[in-house]
Structure formats: structure tokens, C-alpha cells
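Here's the structure we're looking at; comments come further down.
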There are 2 protein chains.
Amino acid sequence: MRASPEDRDGDDEREAAAPTAGRVTGRRGPRPAGPATISSVAAAAGVSRATVSRVMNGSPSVHPELAARVRAAAEALDYEPSAAARRLALGRTGTVALVVPDLSNPLFQNVLRGLSQAAGKAGCQLLVVESDEDPEEEVVLALEARRNADGIVLASPRAPDARLRELSERLAPFVLVYREVAGLGAPSLSIDNRAGIGEIVAHLTALGHRRVAYLAGPPASAGNAERLAALRADRGLELTVLPCGSMFDHGHAAAGAVVACGASAVVGFNDMVASGVLTGLRELDVRVPGEVSVVGFDDIAFARYTSPPLTTVAIPANELGRQAWERLWALMNGESGGYNVRYQPRLLVRDSTGPAPS
Amino acid sequence: MRASPEDRDGDDEREAAAPTAGRVTGRRGPRPAGPATISSVAAAAGVSRATVSRVMNGSPSVHPELAARVRAAAEALDYEPSAAARRLALGRTGTVALVVPDLSNPLFQNVLRGLSQAAGKAGCQLLVVESDEDPEEEVVLALEARRNADGIVLASPRAPDARLRELSERLAPFVLVYREVAGLGAPSLSIDNRAGIGEIVAHLTALGHRRVAYLAGPPASAGNAERLAALRADRGLELTVLPCGSMFDHGHAAAGAVVACGASAVVGFNDMVASGVLTGLRELDVRVPGEVSVVGFDDIAFARYTSPPLTTVAIPANELGRQAWERLWALMNGESGGYNVRYQPRLLVRDSTGPAPS
DNA sequence: TTGAAAGCGCTAACAT
DNA sequence: ATGTTAGCGCTTTCAA
């Protein structure tokens with residue numbers, strides 16, 4: 001205990017005499033052991049604990065004079081209400097939790113940001129949990145987080161539909177982000193990956209591309225599965241699927257395979273692999289978009305600054321975070337979580353795509 | 001309803017009649033209102049609450065048979081110990097908090113990641129707070145966060161030294177990251193910005209650069225102040241300070257000013273502004289590093305993928321997060337937080353710097 | 001308007 | 001090895 005740095009309690013007394021166990025902070029006289037509690041404040045102010053509680057919570061029905069006395073006592077004792085005790089008495093935590101598979105992914109960083117800001121604005125704290133991509137660990141962590149929060153948002157959960165359904169009662173209230181699960185009572189905010197791929201394909205075919213390579217994301221990613229499926233569904237394409245990943249380096253390493261497969265266009269699972277392949281291609285002296293076009297997915301902040309600037313589809317990650325808060329808030333107040341929504345990605349044509357070479 | 005996995009006692013009654021308000025999960029008969037508590041489990045198992053507590057906490061001193069009975073009862077009732085009650089009884093939260101000024105900054109994202117992983121490994125949860133750069137709000141949020149956590153790490157706090165010192169007692173145990181405060185009892189993990197700038201300057205002057213521009217970061221940033229001061233301290237340089245910011249766009253917008261000031265090299269407050277200026281320069285048809293060299297700071301993941309790849313100084317943001325956990329952990333166990341450490345940035349020479357044009 | 005008292009659900013001596 | 005008994009610190013009827 002008492003790992004605290006202070007210690008050299010700068011008591012006005014220069015002598016710094018008494019090596020008191022407890023620091024002296026009160027107006028006058030030493031403070032009893034331990035931090036002030038509602039009882040000590042009540043005693044000091046000569047009122048009941050109920051009154052202190054009322055004052056601390058701004059109840060209007062307390063005599064101004066008394067209130068002042070209580071506040072003075074609280075101040076003098078450096079009183080801070082125990083959050084733990086309030087949680088227990090109130091039955092709520094004033095906290096929401098967010099579970100993400102990977103904190104290094106800009107997508108999740110952005111929903112984190114959106115959620116954090118929205119929740120913060122409402123005076124709610126945020127518990128962040130990284131599940132490291134492991135489905136079963138994810139579930140355990142989510143449950144654990146849920147116990148310390150009033151609600152939870154699950155971003156791109158890796159757990160199977162069935163598992164999520166059987167846990168829904170213990171997780172509730174919660175909202176799903178980047179994922180839909182049929183027959184689940186929780187609202188879901190997701191991306192229409194099919195539509196996003198559709199935009200990309202339309203753009204590419206309009207430019208005359210036929211042979212395209214897909215830099216596949218992590219197998220466990222539902223988003224990857226959808227994007228891949230959408231691509232496969234298009235019979236007009238001659239598709240080559242290249243195992244890749246989700247990071248810059250993965251894309252970078254895949255450049256060779258891309259040229260080897262002879263595709264005239266490559267679409268990355270996300271902007272990071274797309275940027276990586278961009279760099280890899282340049283190192284191989286392959287001109288983009290002269291010889292091969294590349295397109296990403298997500299529109300991370302960096303996509304505008306690659307060279308050439310990356311054509312990609314934008315998804316409102318931040319907005320998803322904000323919305324997740326709205327839904328969760330509604331749910332926590334016993335209201336409906338609203339309809340599921342599927343955001344439609346928007347194609348951003350920049351300079352990494354061009355006509356297919358003849 | 002009825003999300004629970006077990007249920008193996010699948011109530012033989014197929015009728016599943018009663019549309020009961022509460023779900024029926026127990027051995028036989030409906031469950032009382034509300035979630036199971038330690039008392040209900042104790043009653044169901046025919047033991048005392050103390051025994052249930054012991055079983056739930058894996059105390060070895062309980063008869064295996066009894067333990068099994070308790071576990072069965074807990075299972076049957078879907079019992080989950082109340083985290084709030086434990087916090088109160090135990091006097092600890094099992095949580096640490098992290099306060100950062102800006103979640104969109106890769107630097108902070110990386111300490112978040114490092115801290116999250118280290119804390120997670122120790123079974124500790126993480127409360128994340130974004131202070132939005134406002135010093136006074138930051139302090140309030142930090143205090144508030146601290147109440148719900150056993151310790152706190154402050155990343156690059158904007159609050160003045162004095163404020164931090166007067167609050168140190170209420171914040172403790174805590175550790176400082178990206179900032180040092182004299183006479184504060186808390187351990188601090190920081191970056192030697194002076195040394196980082198030193199590396200950059202040495203590199204640049206070796207290449208023959210004399211007139212250099214600095215793309216200044218946010219005025220409130222202590223890191224910016226240090227980097228700027230270090231640059232100014234070098235009398236061999238003809239320095240132009242350009243107000244800029246911390247984001248891509250800021251750097252991008254500053255490209256014009258850079259060429260206007262006639263510098264042969266520009267150092268960005270961080271990698272984002274450096275990347276931005278890189279793009280801006282290209283749009284202005286200024287060759288990098290042919291006509292002007294550019295160097296960044298931080299070595300974010302993207303720095304390797306700009307065009308040309310960015311020369312920058314690397315700082316171990318992730319490691320800072322991990323170390324912060326170690327220190328905090330020590331502090332929380334009454335041990336010493338150890339010596340302050342100042343990480344020495346490492347210069348990474350890539351392709352955005354070259355000889356000064358004659 | 002204020003106080004008394006009964007919890008909130010769990011843990012930890014202490015006793016058996 | 002198990003049960004009894006006190007809390008942990010706050011909120012909230014219910015009376016006065």
C-alpha cells in the first residue's frame with residue numbers, strides 16, 4: 001500500500017516533522033485514518049449521512065445553509081464519494097464497454113473514438129477490451145467486461161452466430177457493429193460489403209478490367225468473407241484470390257504475387273494492404289495505375305496520402321461508434337434499439353485506378 | 001430469453017407452457033425475480049454464503065463434494081458474482097485508467113495498445129478517457145477515471161506542472177507518459193525529444209542542409225515545445241518555424257509555405273504532417289528529396305509507405321504502454337515505481353532526405 | 001426539510 | 001472444513 005509518490009506532504013510546516021502515517025490535509029487538525037467517507041463528512045457537518053448524500057447529489061430539498069455546511073466539511077476532508085459503493089447501491093456503473101478484435105486496426109480505432117466521444121458527452125466512461133482475434137477468449141472477455149458496465153458494444157465479433165445467440169441474454173443490453181446476426185435481439189450497425197464491392201467492380205469494369213486479384217484479409221474476419229463472396233459472385237470477373245492479411249506488410253509482401261498472376265487490377269481487403277501493395281509494386285517498377293490499378297477498402301485517413309492517392313470505398317467508422325452509443329443508450333433506458341442499419345459504402349475514385357492496359 | 005448453455009436438465013416438460021415473466025432455469029420451479037445472488041446460490045446449495053464465496057474464488061479449503069454442489073447450484077441459477085459488490089468489499093476495481101488527449105493520434109493509440117495488452121495479460125481491465133486537449137477538463141476526467149480504477153496512466157498531460165503536483169495525491173498511484181514533471185513522485189516514461197532532434201539535425205547538416213523549416217505541432221503539446229526548442233538551440237541552422245498542426249491535412253496545407261520560405265529541408269512535428277507535406281510538395285511538383293528533404297518524427301506504421309518512404313525518428317510508443325503497466329503494477333503493489341526513463345529516439349534514414357541542392 | 005434504518009451483494013475475520 | 005457476523009460506503013424509502 002501507499003505506493004504514493006507524495007509523502008513529502010508539503011505541509012506548510014517547514015519542519016516536516018511528524019512522519020505521520022496519514023497526510024494532513026484538512027483545514028486544521030489531522031485527518032482520521034483512511035479517506036473520508038460519507039459518514040465522516042456527516043459527522044463533521046453534524047448531519048445525517050442521508051443529508052450528505054442529498055447534498056452530494058444536488059437534491060434541491062435541502063436547506064441552503066445546511067448544504068453549505070456539508071460542502072465545507074466535504075471540502076475540508078477532501079471527500080470523494082466511493083464509486084464502488086455508488087455502483088452497488090445504484091445498481092449501475094456509469095460505464096459502457098467496447099470489445100474489439102484488434103486495436104491496431106484503424107477501423108476499430110475509429111469506432112472507439114466515436115463511441116468514446118459520444119459516451120463521454122453523456123458522462124459515461126468507456127471500458128476498452130481487445131480480444132486478440134480469438135473467438136472464445138472474446139466471449140469470455142465480453143462477459144467479463146459486461147459485468148463492469150451497463151452495456152456493451154461488440155465490434156466485428158468473431159464468435160459464431162450460435163454462440164452469440166446463446167449469450168445474448170447475459171450480454172444485453174448490447175449492440176453489434178460490423179456484423180449482423182440473424183434472430184438476435186440486439187441492434188446491429190454494419191457495412192454493406194456487397195454494395196462496396198459492387199461499386200468497386202463497376203468502376204473497374206468500366207475501365208476495362210477483367211482479370212482482378214483480391215488480397216484476402218484474415219480468414220476469421222466476417223468482413224473479408226463478405227467482400228470475397230461478393231467478388232466471387234461476379235461472373236464477369238476472372239478472379240484470383242491471394243491470401244494476404246490486414247497489415248501494410250502483408251500487402252507489401254503480396255506485390256510479387258500480384259504481378260505474377262497477371263491481373264490488371266487488384267483490390268485489397270483494406271486500405272492498409274492496398275497501400276502496402278502500392279509500395280511493393282513501385283519497388284517492382286510496376287506503374288500504378290498504368291500497368292495495374294489498385295483499390296482499397298475503408299478510406300482510412302492515410303488513403304489520401306499514398307502515392308498515388310488510393311481509390312477506395314469509404315465507410316463511416318466514426319459514425320458507427322456514435323450510433324452505437326445512441327442505440328446502447330436507448331437500450332439501457334428500456335427503449336428499443338431501433339432498426340438494424342447497413343451503411344452503404346461510397347466509392348472514392350482517386351488516382352490509383354485507371355484504364356486497363358490493352 | 002433462456003440463453004444459457006447448460007440447461008441439460010432440459011425440463012422434461014415439453015409443454016413449455018407458462019409465458020412466465022421470468023425464465024425458468026432452476027432445477028425445478030421458477031427462479032425468483034432478478035439475477036441470482038450469492039445468497040440465492042447459498043440457499044439452493046444448502047450452504048452458507050461464505051462457502052459459496054470460497055468456492056467461487058477457488059479456495060482450496062472446501063470439500064470437493066460441497067464445492068461441486070455449489071458449482072452446480074451456481075450453474076443452474078446462471079449465477080454471476082456482482083462486480084460492484086466485489087469492488088466494494090475488496091476495495092479494488094481490477095481496472096486501470098488511461099487518459100490521452102487525442103485518440104486519433106497514432107502515438108496514443110500505440111500506448112493504448114501496449115497498455116491494454118499488458119494489463120489484459122494480468123487480468124486487469126482498461127478504462128480509456130479522451131480529454132480532448134483541454135487541460136482543465138483533462139484533470140477532471142482523470143480524477144473521475146481514477147475513482148473507478150486502481151491506478152491511472154496519464155499520457156502527455158496538458159495540465160501545468162503545478163496542477164499535476166497538487167493533484168498527485170488524489171491521482172496516485174499513477175504514471176506519466178510522454179511527459180516529465182519535476183518534483184513529482186510519479187514515475188515518468190518519456191521521449192528524449194532533444195536527442196531526437198539532435199539526430200535529425202546531424203543527419204541534415206551532414207547532407208549539407210542549413211536552411212530548414214519546422215512544421216510546428218499544436219501549441220499545447222509539450223512534445224512540440226521540446227522539439228522546437230531543440231531546433232532553436234542549434235545556432236548552425238537558419239530556422240523557419242511554420243505554424244502547422246498534427247494532422248495530415250495540416251502538413252498538406254503547409255507545402256506552399258515550405259517552398260515559399262526557401263528551406264532545403266523541412267522537419268515535421270510528427271509523421272502525419274510530414275506525410276502531408278510530402279503529398280503537398282509532390283502536387284507542387286517539388287521533388288523530394290531532390291529539391292527539398294523532409295523528415296518526420298515518431299515512425300508511425302505508415303511512414304515506411306509514403307512516397308518516398310519517410311526519414312524519421314522512431315519512438316517506442318508501444319513499449320511505453322507496456323512499461324507504463326509495469327510501473328503502475330509495481331506502484332499498486334506498494335513497490336517503487338522505479339527510475340524515470342527517457343527513451344532515446346532512433347533515426348531511421350529512408351528516402352525522403354538527400355543532399356542539399358547547391 | 002431532515003433523520004433512521006434497511007438494504008445493495010460480496011468478503012473476511014473469527015468462531016466452531 | 002464450514003458457518004456466523006460484521007462490515008465495505010452509499011442510496012432510499014419511510015417517518016417525523
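By convention in this document, chain letters (A, B, ...) are assigned in the order of the sequence lines, proteins followed by strands, and residues within each chain are numbered from 1.
A donor-acceptor pair is defined here as one N or O able to donate and one able to accept, closer than 3.5 Å; no such pair exists between the side chain of R327(B) and the backbone of A330(B). Between the N333(A) side chain and the E335(A) main chain, no donor and acceptor come within less than 3.5 Å of each other.
For the OP1/OP2 pair of dG9(D) and a distance below 4.0 Å, the side-chain nitrogens and oxygens of R49(A) include no atom meeting the criterion. T51(B) has a side-chain polar atom (N or O) that falls below the 4.0 Å cut-off from OP1 or OP2 of dG3(D). Residue S53(B) places at least one side-chain N or O closer than 4.0 Å to OP1 or OP2 of dT11(C). Listed pair S48(B) / dG3(D) meets the phosphate criterion, a side-chain N or O lying under 4.0 Å from OP1 or OP2. For the OP1/OP2 pair of dT2(C) and a distance below 4.0 Å, the side-chain nitrogens and oxygens of R54(A) include no atom meeting the criterion.
L88(B) places its CG atom 12 Å from the P atom of dT11(D), with the value rounded to the nearest Å. Separating the CD1 atom of I38(B) from the C1' atom of dC8(C) is a distance of 13 Å, rounded to the nearest angstrom. As rounded to whole Å, 15 Å separates atom P of dG9(D) from atom CZ of R92(B). Atom pair E80(A):CD and dC8(D):P shows a separation of 19 Å (rounding to whole Å applied). Residue L77(A) contributes atom CG, which lies 14 Å from atom P of dG9(D) at whole-angstrom precision. Here dG9(C) presents its P atom at 17 Å from CG of N57(B), a figure rounded to the nearest Å. Atom C1' of nucleotide dG9(C) and atom CZ of R147(A) are separated by 14 Å, given to the nearest angstrom.
Under a 4.0 Å N-O distance rule, the pair E130(A)/R113(B) does not qualify as a salt bridge. A salt bridge links D161(B) with R179(B): the distance from a Lys NZ or Arg NE/NH1/NH2 to an Asp or Glu carboxylate oxygen falls below 4.0 Å. Classification of E144(A) and R147(A) as a salt-bridged pair fails, no side-chain N sitting under 4.0 Å from a carboxylate O.
Each of A89(B) and A50(B) lies near DNA chain D, and the nucleotide nearest A50(B) is the one positioned closer to the 5' end. Toward the 5' end of DNA chain D, the nearer of the two residues S61(B) and L90(B), judged by each one's closest nucleotide, is S61(B).
Residue contacts for V47(A): at a heavy-atom cut-off of 4.0 Å it reaches the sugar-phosphate backbone alone, with no base atom in range.
With hydrogens and angles ignored, no donor-acceptor pair under 3.5 angstrom links the side chain of R87(B) to the base of dG9(D).
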